[in-house]
2 protein chains.
Amino acid sequence: MAVNPTLYDVAREAGVSLATASRALNGSTRVVREDYRVRVLAAAERLGYTANLSAQAVARGTSSVVALLVSDIADPYFAAIAAGVTRAAAAAGLTVSMAVTERDAALEISHVRMLRGQRPRAIILAGSRFADERDRETLVAELESYRASGGSVALISQHELPFDSVSIDNSGGSAALARELVRLGYRGFGILAGPAELLTARDRSDAFAAALPSPPLAVVHGAFSRDAGYAGMLELLDSGTAGLDAVFAVNDVMAIGALAALRDRGVAPGTIAVAGFDDVSIAADVTPPLTTVHVDLEAAGAAAVALALDDAPSPTVVDVPAHVVIRASTPGR
Amino acid sequence: MAVNPTLYDVAREAGVSLATASRALNGSTRVVREDYRVRVLAAAERLGYTANLSAQAVARGTSSVVALLVSDIADPYFAAIAAGVTRAAAAAGLTVSMAVTERDAALEISHVRMLRGQRPRAIILAGSRFADERDRETLVAELESYRASGGSVALISQHELPFDSVSIDNSGGSAALARELVRLGYRGFGILAGPAELLTARDRSDAFAAALPSPPLAVVHGAFSRDAGYAGMLELLDSGTAGLDAVFAVNDVMAIGALAALRDRGVAPGTIAVAGFDDVSIAADVTPPLTTVHVDLEAAGAAAVALALDDAPSPTVVDVPAHVVIRASTPGR
DNA sequence: CTGTTAGCGCCTTCAA
DNA sequence: TTGAAGGCGCTAACAG
């Protein structure tokens with residue numbers, strides 16, 4: 001069970017001091033004479049040396065990790081964000097450490113505490129939820145003291161908190177979608193609104209409703225998941241709402257569930273239009289291809305790390321545009 | 001810019017020694033008198049103390065992170081695995097640090113080196129590829145020396161390497177699928193085989209072909225992606241292969257691309273059957289619902305961390321079963 | 001059971 | 001430019 005070679009081993013092998021080895025290997029401002037540098041590098045190579053990042057972090061007082069907290073990594077929405085975050089982090093020479101909240105506020109808080117222990121350079125939160133006002137305050141306090149201790153935090157789609165955030169244009173996109181559907185001739189709308197306490201869901205639902213010429217026929221709440229979309233659509237169908245001809249699900253995953261419900265109930269394609277939000281990668285490949293609001297989620301993730309790493313004064317928000325994509329799931333009347 | 005409180009601060013605040021504070025906060029074998037314990041905990045709470053994990057790692061000589069390396073986190077296959085890994089890691093009180101190889105062998109190697117710097121308790125590799133024999137050897141050497149230094153490695157779907165691995169039953173599942181399709185009356189098969197150098201892809205393709213009564217009509221290689229599935233199906237269509245009535249794509253993502261190609265080419269549904277592999281979550285929601293081979297990817301991810309954390313002698317492999325799921329994309333003749 | 005005191009691996013003044 | 005030495009935050013003997 002050989003142990004990892006330490007910097008000391010490398011220095012000895014190269015016949016130089018610890019300090020010189022350190023300077024040669026992990027770029028410091030100071031310059032090392034070329035032949036020494038070469039010798040150190042060779043020794044490191046020979047020994048298979050890799051700097052112990054923990055030790056570096058302790059010594060430098062600053063680590064090279066960015067912590068990412070998502071609700072559910074198996075959800076394509078978060079997966080896309082994570083892809084953007086990892087890409088941007090890698091480009092910046094940072095390592096990403098990930099935790100999953102399982103959509104549970106308490107878990108979210110405890111994970112933030114855990115993550116703080118890593119003294120990450122930045123904490124990125126995607127999809128937080130605040131069922132409870134006290135939970136929310138606890139979280140904010142936790143994040144605030146993290147920031148006070150030198151870290152930076154970036155939120156995705158959570159612009160109402162006092163932190164940097166990348167704001168997806170939920171309202172604008174939803175309103176544009178509503179207008180577009182009206183233009184296509186739809187009149188009787190149902191909304192699969194998702195969780196009432198989730199800001200993102202509420203923004204989408206509210207903006208959509210507000211952009212309609214008359215109030216929606218029905219609004220049903222539920223989880224943010226495929227199955228909830230399925231159940232919601234069934235509920236809509238069973239409620240016997242008269243004149244229902246289009247349903248807006250506040251995200252694609254729910255919309256896909258809704259489509260499945262329509263199919264299972266034998267509702268003829270085209271009878272009830274369905275639209276989603278996010279333009280998740282499979283949206284174009286379901287049948288009928290899903291009308292939705294496109295958002296570059298990967299860019300949002302990348303933007304979040306950029307935001308966290310820059311040193312602009314803190315509550316700055318960058319906008320990620322959203323634009324309507326009409327596909328066959330809303331054929332027009 | 002207040003700095004993070006250290007254990008020393010907590011000890012002082014509580015009026016005890018550093019050692020006592022350490023013992024009270026971070027469970028050691030030693031017991032601390034109750035009133036001291038309470039005082040320390042209170043002080044820590046008051047100060048908002050969180051242990052510096054890096055420092056702990058340095059002092060203990062062992063960290064609490066498990067490193068996960070995937071090809072592409074936005075791919076549902078890897079997203080599901082990552083979900084399993086994070087769940088199992090969280091349950092074990094470990095933190096997961098993730099890196100993405102972008103399906104690039106060189107990047108994979110350099111990331112493994114990076115990750116080693118974190119001195120993780122375990123490294124989990126999903127979806128490695130070895131285009132080049134030398135790359136492969138480099139990787140193996142790197143992993144071997146990591147293991148020699150006390151870490152454990154677990155591979156997913158890569159059983160031919162000398163490490164612990166969770167083996168998805170690619171061959172068995174593919175063969176069963178082939179038999180099932182034959183039973184349904186299909187006779188003229190095409191295979192969208194994915195990358196020739198990817199073991200997983202090859203196993204699936206080969207086993208499927210071998211289980212057929214007569215050789216497949218056509219085998220086309222390409223990337224492991226939706227777009228490659230699309231292109232591959234087009235190629236099959238354009239080649240004018242006579243008698244083609246079923247296509248096996250070695251993963252669901254490709255199969256979905258293939259389905260899209262069929263649709264875009266106006267091939268009547270049911271004319272050419274399509275089957276995939278993995279039973280990714282949207283597989284049941286595309287149209288027609290996709291016949292595929294179900295694999296519990298999340299369980300595979302969880303199994304990988306279990307494997308890495310146990311202390312059984314090393315090259316042990318755990319099998320994850322795969323079973324055929326017939327859906328409407330292969331209606332039978 | 002508690003406190004003192006070496007380290008853990010690395011970085012970074014500070015002299016030389 | 002180099003090396004010696006102190007320190008980062010924490011743990012783990014080791015005495016008391």
Side-chain angles (χ1 to χ4, degrees), chain A residues 2-40 43-44 47-65 114 116-121 149-151, chain B residues 2-41 43-44 47-65 116-121 149-151:
Chain A
V3 82
N4 281 301
T6 76
L7 187 56
Y8 179 78
D9 298 325
V10 176
R12 193 155 39 78
E13 171 88 7
V16 301
S17 78
L18 225 179
T20 302
S22 170
R23 297 195 265 251
L25 286 173
N26 314 315
S28 81
T29 348
R30 313 236 103 305
V31 180
V32 176
R33 218 175 61 204
E34 185 57 14
D35 56 329
Y36 273 25
R37 217 179 56 77
V38 172
R39 256 162 59 192
V40 172
L47 267 41
Y49 170 80
T50 329
N52 181 324
L53 294 183
S54 293
Q56 275 191 173
V58 177
R60 297 210 243 244
T62 145
S63 80
S64 61
V65 351
M114 264 263 75
R116 276 196 61 183
Q118 308 191 37
R119 302 291 183 270
R121 183 95 108 250
S149 74
Chain B
V3 82
N4 280 303
T6 75
L7 186 58
Y8 179 78
D9 298 326
V10 175
R12 192 155 42 77
E13 172 86 8
V16 300
S17 78
L18 226 183
T20 301
S22 170
R23 297 195 264 250
L25 286 172
N26 315 313
S28 83
T29 348
R30 315 232 104 308
V31 180
V32 176
R33 217 175 62 204
E34 185 57 13
D35 56 329
Y36 274 23
R37 216 180 57 77
V38 173
R39 257 161 60 190
V40 172
L41 261 42
L47 267 40
Y49 171 79
T50 328
N52 181 324
L53 294 183
S54 294
Q56 276 191 170
V58 177
R60 296 209 242 244
T62 146
S63 80
S64 63
V65 349
R116 276 196 60 182
Q118 308 191 38
R119 303 288 184 272
R121 183 94 107 251
S149 74

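Just so it is clear: chains get the letters A, B, ... in the order the sequence lines come, proteins before strands, and each one is counted from 1.
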Residue pair Ala21(B) / Val16(B): nearest heavy atoms and the distance that separates them:
N-CG2, 4.1 Å
What's touching nucleotides 8-10 of chain C from the protein side, N or O pairs under 3.5 Å?
{"unit_1": "dC8(C)", "atom_1": "O2", "unit_2": "Ala59(B)", "atom_2": "N", "d": "3.3"}
{"unit_1": "dC10(C)", "atom_1": "OP1", "unit_2": "Tyr49(A)", "atom_2": "OH", "d": "2.8"}
{"unit_1": "dC10(C)", "atom_1": "OP1", "unit_2": "Asn52(A)", "atom_2": "N", "d": "3.1"}
{"unit_1": "dC10(C)", "atom_1": "OP2", "unit_2": "Leu7(A)", "atom_2": "N", "d": "2.4"}

Could you tell me how far apart Gln118(A) (CD) and dG9(D) (C1') are, to the nearest whole angstrom?
16 Å
Search all heavy atoms of Val32(B) against all heavy atoms of Arg37(B) and return the closest pair with its distance.
CG1-N, 3.9 Å
Using the rule side-chain contact (heavy atoms from CB on, under 4.5 Å), only one of Leu53(A), Asn52(A), Val58(A) pairs with Ser54(B); which is it?
Val58(A)
Closest contact, heavy atoms only, Ser63(A) versus Gln118(A):
OG-O, 3.8 Å
Expressed as a whole number of angstroms, how long is the span from Leu25(B):CG to dC10(D):P?
9 Å
Atom pair distance, as rounded to whole Å: CZ in Arg23(A) and P in dG3(D):
8 Å
Rounded to the nearest 0.5 Å, the CG atom of Leu25(B) sits from the OG1 atom of Thr20(B) at a distance of 10.5 Å
